[in-house]
Amino acid sequence: QVQLVESGGGLVQPGGSLRLSCAASGSIVRLNAMGWYRQAPGEQRELVATITNGGRTNYADSVKGRFTISRDSAKTVYLQMNSLKPEDTAVYYCNVKAGSWSQYDYWGQGTQVTVSS
């Protein structure tokens, strides 16, 4: 079974940095992309950043220039978050899109990121 395990969340001060990690395990047929989404209380889940198997990246406008997504050969995706703002506070979820027509969508359990003084 496919499993995504996230780590790296926590409490940081505004302007601080965090590095989130997500390790994917199990049999993933045609991994097309990995990414990070976040959901604040009372709000819908939104895309933060994605990276394709070819290394192309996409970022939400709200995080461009501050966040960096990357992958390694071990099917681990990272999210380097710099210059964090209180509005970045949310539960961050790792996502994998897989399958010949991206018919499979896998999600991690989420990790809390809180930006506060």
Undergrad: Of N32, D105, N53, which is the lone residue that meets side-chain hydrogen bond (donor to acceptor under 3.5 Å, both in side chains) with K97?
TA: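 Running side-chain hydrogen bond (donor to acceptor under 3.5 Å, both in side chains) over N32, D105, N53 with K97 returns exactly one hit, D105.
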
Undergrad: Would you sort out whether V96 and I28 count as a side-chain contact (heavy atoms from CB on, under 4.5 Å), showing the intermediate values?
TA: CA-CA 9 Å; V96 166; I28 302 177; 4.3 Å; yes

Undergrad: Under the criterion side-chain contact (heavy atoms from CB on, under 4.5 Å), I'd like the reasoning laid out for L31 against R71: C-alpha separation, chi angles, the key distance, then a yes or no.
TA: CA-CA 12 Å; L31 193 158; R71 282 181 60 189; 3.7 Å; yes

Undergrad: Is there side-chain contact between N95 and Y106, with heavy atoms separated by less than 4.5 Å?
TA: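 No. Closest side-chain heavy atoms not under 4.5 Å.
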
Undergrad: Do V113 and T89 have side chains that approach each other closer than 4.5 Å (heavy atoms only, starting at C-beta)?
TA: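 Not in contact.
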
Undergrad: With rounding to the nearest 0.5 angstrom, report the CD to OG1 distance, Q112 to T114.
TA: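 Here the interatomic distance stands at 4.0 Å.
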
Undergrad: Could you go through S117 and Q13, starting from their C-alpha distance and side-chain angles, then the distance that decides it, and tell me whether this counts as side-chain contact (heavy atoms from CB on, under 4.5 Å)?
TA: CA-CA 5 Å; S117 298; Q13 295 182 327; 5.5 Å; no

Undergrad: Are Y78 and I69 connected, step by step, through hydrophobic side chains (Ile, Leu, Val, Met, Phe, Trp, Tyr) whose heavy atoms are closer than 4.5 Å?
TA: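 Each belongs to a different hydrophobic cluster.
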
Undergrad: With a 6.0 Å cut-off (strictly less than), is the heavy-atom count around CD of Q44, excluding the residue itself, greater than 12?
TA: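 No.
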
Undergrad: Same cluster for V12 and V91 if Ile/Leu/Val/Met/Phe/Trp/Tyr side chains link at under 4.5 Å?
TA: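 Result: no, two separate clusters.
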
Undergrad: To check you understand the geometry: which heavy-atom pair defines the closest contact between V2 and S27, and what is its length?
TA: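 Residues V2 and S27, closest heavy atoms: CG2-O, 3.3 Å.
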
Undergrad: Compute the ring centroids of Y37 and W107, then answer whether they are less than 6.0 Å apart.
TA: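 Between Y37 and W107, the centre distance is under 6.0 Å.
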
Undergrad: Which heavy atom of S83 sits nearest a heavy atom of S17, and at what distance?
TA: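 It is N-OG, 4.3 Å.
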
Undergrad: Nearest 0.5 Å, what's the OG1-CG distance between T68 and N82?
TA: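 These two atoms lie 6.5 Å from each other.
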
Undergrad: NZ/K64 to OH/Y59 distance, rounded to the nearest 0.5 angstrom?
TA: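 Between K64 NZ and Y59 OH, I get 10.5 Å after rounding to 0.5 Å.
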
Undergrad: For the hydrophobic clusters of this structure (ILVMFWY residues joined by side-chain heavy atoms under 4.5 Å, transitively), does one cluster hold both Y104 and L4?
TA: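 Yes, Y104 and L4 fall within the same hydrophobic cluster.
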
Undergrad: Do V115 and V63 land in one hydrophobic cluster if side-chain heavy atoms of ILVMFWY residues count as linked below 4.5 Å?
TA: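 In one cluster with V115: V63, yes.
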
Undergrad: Within this structure, what is the CZ-CG distance for the pair R38 and L79, rounded to the nearest 0.5 Å?
TA: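 Taking CZ in R38 and CG in L79, the distance rounds to 9.0 Å.
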
Undergrad: If you draw the axis of the six-membered ring of W101, does the NZ or CZ of R30 fall within 45° of it and under 6.0 Å from the ring centre?
TA: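 Here R30 fails the 6.0 Å and 45° test against W101.
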
Undergrad: With a 4.5 Å cut-off on side-chain heavy-atom distances among I, L, V, M, F, W and Y, is there a chain of contacts connecting L20 to Y93?
TA: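 Hydrophobic grouping puts L20 apart from Y93.
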
Undergrad: Test side-chain contact (heavy atoms from CB on, under 4.5 Å) on L11 and S116 and set out the steps.
TA: CA-CA 7 Å; L11 173 65; S116 176; 4.3 Å; yes

Undergrad: From W36 CH2 over to M81 CE, what is the distance, rounded to the nearest 0.5 angstrom?
TA: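 Atom-to-atom, W36:CH2 and M81:CE are 8.0 Å apart.
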
Undergrad: Kindly compute the distance separating CZ (R66) from CD (Q80), expressed to the nearest 0.5 Å.
TA: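 With rounding to 0.5 Å, CZ (R66) is 12.0 Å from CD (Q80).
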
Undergrad: Under a 3.5 Å distance rule, please check whether E6 uses its side chain to pair with a backbone N or O of C22 as donor and acceptor.
TA: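 Answer holds: no.
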
